[in-house]
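Written below as structure tokens is the structure these notes are about.
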Amino acid sequence: MRKKLSIALLLISVPIIVLLGFTVFADKSYAYLSLIIVVFALAALFLSFEKKENSARQLIVIAIMCVLSIVGRLVFAVIPAFKPVTAIIILLSMYFGGEAGFICGAMTALISNFYFGQGPWTPYQMLAWGLVGLFAGLLAPLLRRNLIITCVYGALAGVIFSLIMDINTAMWYTNVFDFGVYATKIASSLPFTITYAVSNVIFLLLLAKPIGKKIERLKIKYGI
Amino acid sequence: MTDIKRLHPSALMLYFITVILLPMFVLDPVILAFSLAGSVLCLICVKKSGEKSGIWLYIILFFGITLINPLISHHGETELFFINNKPVTLEAIIYGAVSAIMIVGIIIWFRSFSLVMTGEKLLYLTGSVLPKSSLILCTALRYIPLFKQQSAKIRNAQKAMGLYSADNITDKLKGSARVFSILTTWSLENSIDTADSMKARGYGLKHRKPFSLFKYHVSDVVFTVIAAMLAAGAITFAAVGGLSMEFYPNIVLPTASPLIILCYVFYGALALLPALLELKERIKWKYLTSAI
Amino acid sequence: MEILDVRNLTFKYPNSDRNALSDVSFKVNAGDFVVLFGETGCGKTTLLRMLKRELSPAGEKSGSVTFCGTELSELDARTSAGEIGFVMQKPETQIVTDKVWHELAFGLESAGVSKSAVNRRISEMASYFGIGNWFLRDVSELSGGQKQLLNLASVMVTQPKLLLLDEPTSQLDPIAASEFIATLAKLNRELSLTIIISEHRLEDLFLVADKAIQLKDGRIAAYDTPRAVASRMANDDPMEAAMPSAVRICKALGDDSEPPLTVKEGRAFIESGYGNATRSLPPVERVSGEEILRFSRVFFRYARELPDVLNDMDLSVRKGEIFCILGDNASGKTTALSVAAGLLKAYSGKVEVFGKKISAYKGGELYKNGVAMLPQDVQTVFLRDTVKDDLSEISDDFSSLPFDVSPYLEKHPYDLSGGEQQLCALAKILLLKPRLLLLDEPTKGIDAAAKRRIIKILRDLKENGVTILLVTHDVEFAAACADRCALFFNGSVAAVEDPETFFSENNFYTTAASRMSRGYYDRAVTVENVVKLCAENGRKPQ
């Protein structure tokens with residue numbers, strides 16, 4: 001009951017706040033408004049995860065995968081944009097579903113930013129990585145069947161992640177949403193986007209088989 | 001230990017939300033100046049003494065944002081000069097500078113927020129609404145130091161078998177991959193213990209109640225009420241007084257009506273609240289030490 | 001009054017062809033302290049888990065378990081979780097949360113206890129267990145012993161009536177283990193808490209337990225008072241090696257009387273029963289070759305602002321000897337070993353291996369047919385999915401090993417028991433054909449039989465000219481296999497002596513056999529030494 005109430009509250013309050021922002025005040029700060037929308041989207045997704053039934057073992061596996069991707073991000077911090085985070089999130093989603101992947105992605109962004117620095121970008125990052133996991137969960141049967149499809153998805157995920165993060169930076173730089181600015185930003189971050197995509201493919205190729213095997217073994221041995 | 005760090009997590013959360021709420025909707029130079037000043041003072045209060053403030057980063061960010069805007073926005077009447085046949089206007093530069101103050105301010109507020117809002121406090125806030133996610137967060141926080149220790153152990157064990165040395169870059173990468181793979185197996189295999197220990201202690205029973213050591217003190221209530229009143233006042237006065245600044249085609253500063261001035265006073269007090277608390281604390285300590 | 005009644009309990013794991021438990025029946029009275037022992041793989045863990053519903057493994061089960069008059073499966077979920085407590089082996093992996101206070105509160109959170117009640121109970125529990133000082137700390141800052149104490153305390157907060165413990169002290173050093181067992185005895189005495197504990201090390205437990213259950217191949221072989229169980233145990237029983245030293249001396253001498261358990265009783269048994277005309281055994285001949293490893297004035301610290309861990313340490317290890325370093329937890333023993341393995345670099349002083357400075361070895365050269373180290377946590381050694389693949393990473397020449405690894409080759413390393421993991425990890429290390437073998441706590445968490453096997457392997461290696469440097473807490477083990485022993489204290493090695501001198505001169509850091517026989521016999525430090533002397537002197541005329 002309480003959960004339904006909070007979800008209803010959420011669905012009503014987002015448009016109200018956005019409308020208020022636009023009508024009461026003349027200045028439209030797109031950056032803040034998008035931040036609010038992102039925060040509410042995250043809240044809705046977190047609440048939907050809470051509604052799912054999960055065993056203690058599943059929760060612990062999710063926590064472990066979060067920590068592995070955080071440790072991965074810390075280890076590869078020296079090489080910009082080259083990190084195993086997305087690959088680990090995709091792998092987790094493939095075996096434990098999109099919600100698990102979403103939580104892993106969002107948590108990785110949240111917790112690792114305790115080390116890399118929190119900022120208005122944290123919610124965007126949480127959402128971007130979370131969505132990568134969520135969609136991987138939807139495509140799980142397909143991804144599990146074929147490593148090439150997984151790699152293609154990994155590359156796409158890198159591009160999508162980069163595009164979402166570019167919205168954030170574009171708006172924070174100019175405080176308006178302008179397609180011209182967005183295009184410039186996309187162009188300027190192209191090397192990063194490529195690195196994201198390539199590193200995702202590399203890490204998927206490296207990790208998919210061994211981690212997949214380990215998770216399969218765990219599923220058989222302990223019936224998770 | 002500063003006063004603001006001792007506040008109850010929900011009081012803190014409320015404060016940080018309200019303090020960024022107004023600059024969210026109005027690009028007003030006075031409000032933004034208060035926001036920036038307040039955020040900087042707050043950061044000085046909450047950061048540990050040896051810690052870097054990162055001031056240079058903020059300055060670079062400020063100039064970056066200020067300069068980018070006139071390059072993409074060519075509105076405004078006062079044309080200063082041309083780049084690539086496109087005018088660079090004074091209004092666009094000023095708009096850029098104002099947004100830059102806003103953005104730098106907010107980033108500094110976030111920085112203070114993450115220094116004050118430790119994992120423990122965050123868990124308290126999310127615990128009742130998002131119990132499962134909070135548990136994952138909590139377990140992850142427990143595992144991070146454990147995984148760091150374990151990967152050091154693994155690295156040594158593998159190194160002492162001559163299977164991994166860090167002499168060249170490919171070897172280093174291969175070694176890291178080995179360590180990571182062993183860490184994965186180790187953590188997944190041992191995760192069963194953690195899950196069993198949760199189950200053994202009744203995890204999964206209905207009506208779980210999150211516990212925390214945080215207590216609501218009178219000071220938390222006082223702080224919350226003051227912050228809420230200041231924020232509500234500032235927002236109301238801003239809305240009723242029509243606080244707004246125009247940049248294009250030329251700069252129109254907000255007119256200083258009594259309502260607007262009240263709005264400035266309220267928001268200024270709100271933004272400087274952490275610094276005022278710190279000041280109060282310092283004076284109290286000075287008094288105490290002189291009494292001792 | 002019975003708290004637990006197990007009847008004809010039989011259990012089989014899904015993919016197994018033999019019963020893990022067969023027709024197990026026993027009753028436990030409220031307030032009893034019961035120790036459960038048996039060889040690795042005899043079903044101890046399975047039995048304990050069958051007594052805790054939340055942890056019962058899936059498989060074919062028959063028979064019944066009744067707790068306080070109610071069948072386990074019919075217990076209310078809250079009662080089952082709260083009134084039966086369970087503590088596992090590894091201190092590290094049982095902890096769920098990041099803060100000590102939160103871990104204590106976890107069980108009460110699950111039970112939905114109100115905030116004020118949780119506060120009172122965890123405060124009370126923290127002060128009872130002496131946790132008050134580290135109540136607000138991160139769990140990652142605690143020592144192994146503190147972690148296990150925290151695990152115990154966080155189970156005790158729900159006020160269980162029955163406490164089950166599965167080898168809780170096997171990962172702890174002897175001092176922390178004794179403290180842990182003393183705490184259990186105190187809980188049993190003061191709260192009349194019913195305890196069932198399984199353990200490898202029985203020296204301390206046999207003294208405090210009311211009852212002992214011996215499990216053999218999934219069946220109950222004996223269930224009586226510890227003294228009676230010890231008395232009836234056959235001499236060739238594999239568990240004989242796990243008995244308290246006094247019992248082993250008595251049994252080895254073929255004495256059928258009720259065996260002594262404590263050091264005090266053991267001493268009385270020797271002094272009243274056997275003469276001491278011959279007070280000591282002939283000295284052991286020990287030959288050693290040239291110097292293999294040398295530390296001269298070595299200093300080490302982990303970071304500039306931290307204190308020295310190795311402080312002016314000198315050490316000399318000679319070819320073909322087994323050199324044991326004993327000492328407290330966290331005294332820097334492992335650090336010393338890591339410096340000898342070239343994993344850490346001393347900031348001052350000289351370390352020489354095979355007559356060459358350690359820094360002169362480049363890129364893994366030191367580890368090729370040179371130095372090898374078995375870490376404390378042997379799970380860090382394995383990478384592959386089968387033991388065979390893991391060993392093949394080093395070499396395929398399995399026949400060169402001094403023991404047979406064939407039963408384990410096709411298994412996943414994590415499916416092996418602690419003792420088997422130890423053996424396979426050692427095999428992997430030995431395939432490197434080291435001339436100097438470094439071992440860190442090689443007997444941690446393994447049973448008496450596995451310990452005997454390790455001692456034999458080390459002796460064989462020594463015969464083949466391998467030099468062994470090991471650090472350990474285990475005094476019985478050091479006394480049984482060392483050629484020279486040293487006490488590590490305050491960052492350096494304090495006394496280097498042969499084990500007979502070392503242990504007979506130490507008052508606390510010594511074996512039970514030495515404490516029993518000192519003053520009556522000289523330089524008798526192992527059970528075997530004492531038995532030999534007793535036998536040689538013969539029985540006193542009654």
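Letters go in sequence order (proteins before strands), and every chain restarts at 1.
More than 12 heavy atoms of other residues, nucleotides or ligands lie within 6.0 Å of CZ in A:F116, so this atom counts as buried by the packing criterion.
Contact annotation for A:L74: only side-chain heavy atoms (C-beta onward) come within less than 4.5 Å of a heavy atom of chain B. For A:Y222, the part sitting under 4.5 Å from any heavy atom of chain B is the side chain, from C-beta outward, and nothing else. The contact between A:K52 and chain B is made by backbone and side chain atoms together, counting heavy-atom distances below 4.5 Å. For A:Q58, no part sits under 4.5 Å from any heavy atom of chain B, backbone or side chain. Contacts between A:I111 and chain B at a heavy-atom distance below 4.5 Å involve the side chain alone, from C-beta outward. The contact between A:L68 and chain B is made by backbone and side chain atoms together, counting heavy-atom distances below 4.5 Å. Of the atoms belonging to A:F102, not a single heavy atom falls under 4.5 Å from chain B.
The most heavy-atom pairs under 4.5 Å with chain B, out of A:G72, A:G119, A:A63, come from A:G119.
Taking OG of B:S133 as the start and CG of A:L59 as the end, the distance is 9.0 Å to the nearest 0.5 Å. Note that the CD1 atom of A:I215 and the CG atom of B:L188 stand 6.5 Å from one another [nearest 0.5 Å]. Of the inter-residue distances, the one linking A:I62 atom CD1 with B:I136 atom CD1 reads 4.5 Å to the nearest 0.5 angstrom. Separation of atoms CG (B:L141) and CZ (A:F114) is listed at 7.0 Å; rounding is to 0.5 Å. Note that the OG atom of B:S114 and the CG atom of A:N113 stand 9.0 Å from one another [nearest 0.5 Å]. In this structure, CG on A:L47 lies 5.5 Å from CG on B:L130, to the nearest 0.5 angstrom.
Here A:F96 pairs with nothing under the ring pair (Phe, Tyr, Trp, His ring centres under 6.0 Å) rule; sequence neighbours left out.
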Chi angles and distances behind the side chain to side chain contact (heavy atoms under 4.5 Å, CB included) call for A:R57, B:D196: CA-CA 8 Å; A:R57 286 181 176 179; B:D196 279 353; 2.9 Å; yes

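Using a 4.5 Å cut-off on side-chain heavy atoms (C-beta onward), B:Y143 and A:I60 make contact.
A donor-acceptor contact closer than 3.5 angstrom is absent between the side chains of A:K214 and B:T184.
Between A:R217 and B:E189 there is a salt bridge, with a side-chain nitrogen of the basic residue lying less than 4.0 Å from a carboxylate oxygen of the acidic one.
Contact between A:I64 and B:S191 at its shortest, heavy atoms only, is CD1-CB, 3.2 Å.
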